[in-house]
Chemist: 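Below is one structure. I have some questions about it.
Chain letters run A, B, ... following the sequence lines, proteins first, then strands; residues in each count from 1. Side-chain atoms are counted along with the backbone in the values below, which use heavy atoms only and exclude waters and symmetry mates.
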Number of protein chains: 2
Amino acid sequence: MTPSPAYPADPGQTPPSVVFLLSRLGYQAGSEMGRALGGLGIEPREFGLLRLLASCRGDSQRALGAMLRITPNRMVALVDGLESKGLIERRPHPDDRRAYTVTLTEKGAATLDQAFHAAFGVEAAVCASLEPAECEQLLRLLRKLAAAADERTGDLPGVHPGMLETSGKRPQYSHFR
Amino acid sequence: MTPSPAYPADPGQTPPSVVFLLSRLGYQAGSEMGRALGGLGIEPREFGLLRLLASCRGDSQRALGAMLRITPNRMVALVDGLESKGLIERRPHPDDRRAYTVTLTEKGAATLDQAFHAAFGVEAAVCASLEPAECEQLLRLLRKLAAAADERTGDLPGVHPGMLETSGKRPQYSHFR
DNA sequence: TATTGTTATACTCTATAACTATA
DNA sequence: TATAGTTATAGAGTATAACAATA
């Protein structure tokens with residue numbers, strides 16, 4: 001057995017692996033975002049849909065799901081939830097009587113605005129320990145990794161691949177470690 | 001509504017937010033690790049326990065769970081799984097007839113070795129797009145973030161906080177976006 | 001015949017609280 | 001009375017495959 005320097009067996013020691021740190025920090029950052037958005041009564045994936053709706057008014061439920069990589073059956077519950085909160089509306093599609101057009105309500109737009117604010121707050125908290133120059137440097141490196149990851153996995157650029165996988169209701173999931 | 005520059009509404013555009021990128025990259029990195037370990041017949045959280053066992057031989061199931069922040073009832077299934085694969089063994093605890101001592105088998109040690117190798121492979125793949133100097137720079141920044149996050153959340157240093165939350169069987173979970 | 005939104009079913013994972021046998 | 005390991009139950013979330021209405 002060769003306890004690797006990048007993955008020491010001792011859990012009391014922070015593993016200096018990029019993969020481990022990304023997974024761990026990504027989990028924590030996502031958790032903090034979830035808590036912040038929870039204060040507004042929405043979940044991270046709901047934030048994702050609201051965000052998308054700001055630029056895709058008039059699209060059908062299915063088209064929106066395709067962009068977020070959310071399957072049709074799960075879109076139902078997602079749209080139901082936001083509609084019951086009065087943040088979005090289903091309207092008859094002008095060209096297709098089978099489909100709905102999903103749009104932001106005024107309340108939804110206001111909530112999206114608050115969510116952007118909350119997201120900024122989390123961003124600031126997460127980056128608080130870094131100098132501004134370090135933060136930009138980090139951003140540059142992460143973007144480089146993201147571009148490479150998109151190419152490697154074929155994911156849509158800018159879409160969180162976890163969107164297609166599962167919930168987000170509870171602070172969940174490890175995946176690594 | 002003010003579509004923030006850090007969180008543009010257009011999903012076809014990579015959001016330059018540190019929080020978003022960490023969540024997204026952490027998810028992808030964890031997924032790749034899961035696939036790599038899956039080739040060895042183990043899951044990420046099983047890797048975590050094997051790794052811990054390399055340095056904590058003789059500890060009870062409950063003590064191990066406390067270190068990984070896994071509740072006793074979930075430790076049962078985790079230990080059962082690894083035991084059924086022949087990678088670990090439950091032995092009677094010398095001082096307490098209620099407890100078991102969990103230890104690596106020879107096969108388990110060999111698998112752990114292979115897992116370290118696989119982890120290195122993923123690490124190399126993830127970092128392949130970065131120059132060696134960039135990789136070290138990234139590592140430095142991530143460690144700094146991790147230290148700050150530990151302080152903010154009170155988590156045990158070096159322990160993936162997702163370990164205590166949920167599965168890892170399927171590539172799951174979004175949390176953000 | 002294909003597609004939109006929806007539902008029904010079965011399945012996985014989890015948390016909570018019990019239980020047993022020891023201490 | 002408390003603790004180690006285990007199990008039982010109920011709940012949330014999911015994927016798969018169906019379904020009715022429309023194209």
Chemist: Just checking B:N73: base, sugar-phosphate only, or nothing, at a heavy-atom cut-off of under 4.0 Å?
Modeler: base

Chemist: Nearest whole angstrom, please: distance from the P of C:dG5 to the CD of A:E83.
Modeler: 13 Å

Chemist: Same cluster or not: are B:L37 and B:L52 linked, directly or through other Ile, Leu, Val, Met, Phe, Trp or Tyr residues, by side-chain heavy atoms under 4.5 angstrom apart?
Modeler: yes

Chemist: Can you see which heavy atom on B:R45 is nearest to which on B:R74, and at what distance?
Modeler: NH1-NH1, 3.9 Å

Chemist: CD of A:Q114: more than 12 outside heavy atoms within 6.0 angstrom?
Modeler: yes

Chemist: Please give, in whole Å, the distance from D:dT3 C1' to B:L64 CG?
Modeler: 16 Å

Chemist: Identify which nucleotide among D:dG5, C:dT6, D:dT6 has an atom closest to any side-chain atom of B:S60, counting heavy atoms from C-beta outward.
Modeler: D:dG5

Chemist: Report the distance from atom CG of B:D96 to atom P of C:dT20, rounded to the nearest whole Å.
Modeler: 19 Å

Chemist: To the nearest Å, give me how far apart OH (B:Y100) and P (C:dA23) are.
Modeler: 13 Å

Chemist: Between P on D:dG13 and CD1 on A:I70, what's the gap in Å once rounded to a whole number?
Modeler: 14 Å

Chemist: Compare the minimum distances between each of D:dT22, D:dA4, D:dT14 and the side chain of A:R97, then state the nucleotide with the smallest one.
Modeler: D:dT22

Chemist: Go through D:dG5, C:dG5, C:dA23 for me and flag the one nearest to the B:A99 side chain.
Modeler: D:dG5

Chemist: May I ask whether A:Y100 and A:L78 are part of the same hydrophobic cluster, defined by side-chain heavy atoms of I, L, V, M, F, W, Y residues being less than 4.5 angstrom apart, directly or through others?
Modeler: no

Chemist: Tell whether A:R98 reaches the base of C:dG5 with its side chain through a donor-acceptor pair below 3.5 angstrom.
Modeler: no

Chemist: Among C:dT14, D:dA4, C:dG5, which nucleotide has an atom closest to any side-chain atom of B:R45?
Modeler: C:dT14

Chemist: Mind calculating the distance between CZ (B:R69) and P (C:dA15) to the nearest angstrom?
Modeler: 14 Å

Chemist: Rounded to the nearest angstrom, tell me the gap between atom CE in A:M75 and atom C1' in C:dT3.
Modeler: 16 Å

Chemist: Under 4.0 Å between a side-chain N/O of B:R74 and OP1 or OP2 of C:dA15, yes or no?
Modeler: yes

Chemist: Within this structure, what is the CD-to-P distance between A:Q61 and C:dT7, rounded to whole angstrom?
Modeler: 11 Å

Chemist: Keeping A:Q61 on the side-chain end and A:P72 on the backbone end, is there a donor-acceptor pair under 3.5 Å?
Modeler: no

Chemist: May I ask you to verify if any side-chain N or O of B:R62 is less than 4.0 angstrom from the OP1 or OP2 atom of D:dA4?
Modeler: yes

